[in-house]
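These numbers come from the heavy atoms of this one structure, side chains and all, not from hydrogens, waters or symmetry mates. Fair warning: this is a prediction, and the values are worked out from it, not measured in the lab.
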Amino acid sequence: MNRKLTRLPAEFSPETRFEVRPATATPFRAAQENEFEQLKNRLLAEQLARNREPKLNAPLHRAANEAAALAWNTFFPLLVFPALFEEKTESALRQLERQARIYANSRELLAA
């Protein structure tokens with residue numbers, strides 16, 4: 001407990017200066033988000049032009065939003081989004097067809 005404390009001489013190196021570069025006005029992610037939104041809107045507009053039925057608007061918008069959410073979780077959202085959007089669109093269209101068949105079948109059953 002009664003140890004003798006030894007003092008060590010402190011040596012400091014010369015002061016180091018760093019060059020500070022100002023950040024860009026638009027961060028990379030913001031620029032990527034803008035491109036991504038443009039791609040999403042363009043693909044959605046193409047899909048809506050192909051499928052002019054008003055009942056398809058909501059499912060196609062939902063498919064675009066779901067594909068966008070999934071694409072943002074990847075390293076390359078701009079590359080992945082078109083394929084995901086295509087898959088989600090096909091799935092939404094199949095679901096609507098299935099619902100129409102079920103509705104038609106149930107109307108037939110109720111009419112009988």
Side-chain angles (χ1 to χ4, degrees):
M1 187 113 140
N2 289 334
R3 288 193 285 171
K4 189 175 185 179
L5 297 177
T6 308
R7 293 193 176 238
L8 297 174
E11 294 181 22
F12 298 99
S13 8
E15 187 175 319
T16 306
R17 295 237 173 224
F18 296 97
E19 183 179 325
V20 178
R21 295 184 198 128
T24 58
T26 308
F28 177 72
R29 173 111 176 165
Q32 192 176 20
E33 284 178 13
N34 190 23
E35 287 179 50
F36 188 81
E37 276 301 313
Q38 289 174 355
L39 174 64
K40 177 182 155 187
N41 290 336
R42 184 174 53 85
L43 292 177
L44 181 58
E46 289 173 7
Q47 199 59 245
L48 289 170
R50 263 188 249 135
N51 301 298
R52 294 199 174 267
E53 293 181 49
K55 68 178 181 181
L56 295 176
N57 284 350
L60 291 177
H61 276 87
R62 192 175 314 111
N65 291 334
E66 288 176 5
L70 289 170
W72 267 120
N73 290 320
T74 67
F75 289 110
F76 305 103
L78 290 168
L79 183 64
V80 173
F81 176 74
L84 284 173
F85 179 60
E86 185 178 335
E87 287 179 21
K88 289 289 187 180
T89 299
E90 289 172 4
S91 175
L93 294 175
R94 277 194 314 270
Q95 178 67 19
L96 283 172
E97 289 172 4
R98 181 174 179 268
Q99 285 177 341
R101 277 194 319 271
I102 291 171
Y103 182 73
N105 288 343
S106 63
R107 291 199 75 185
E108 288 175 12
L109 290 173
L110 291 174

Heavy-atom closest contact (L56 atom, P59 atom, distance): O-CD, 3.3 Å

Any donor-acceptor N/O pair, S91 side chain to E87 backbone, under 3.5 Å: no

L39-V80 co-clustered via ILVMFWY side chain contacts under 4.5 Å: no

Closest non-hydrogen atom pair, L96 against K55: CD1-O, 4.4 Å

Value rounded to 0.5 Å, distance of CD in E35 from NZ in K40: 15.5 Å

Pairing of K88 and E90 as salt bridge, 4.0 angstrom limit: no

Between OG1 on residue T74 and CG on residue L79, distance to nearest 0.5 Å: 8.0 Å

From F85 atom CZ to E66 atom CD, the distance as rounded to the nearest 0.5 Å: 11.0 Å

Aromatic plane relationship, F36 with F81 - under 30° parallel, 30 to 60° tilted, over 60° perpendicular: perpendicular

Shortest non-hydrogen separation from L70 to L84 and the atoms involved: CB-CD1, 3.8 Å

Ionic contact status for E46 with R42, cut-off 4.0 Å: yes

Heavy-atom closest contact (P77 atom, A71 atom, distance): CB-O, 3.3 Å

Distance (rounded to the nearest 0.5 Å) between Q38 CD and L43 CG: 12.0 Å

Gap separating the CG atom of N57 from the CD atom of Q47, nearest 0.5 angstrom: 11.5 Å

Rounded distance [0.5 Å steps], CZ in R94 versus OG1 in T89: 10.5 Å

Any side-chain heavy-atom pair of R101 and Q99 under 4.5 Å: no

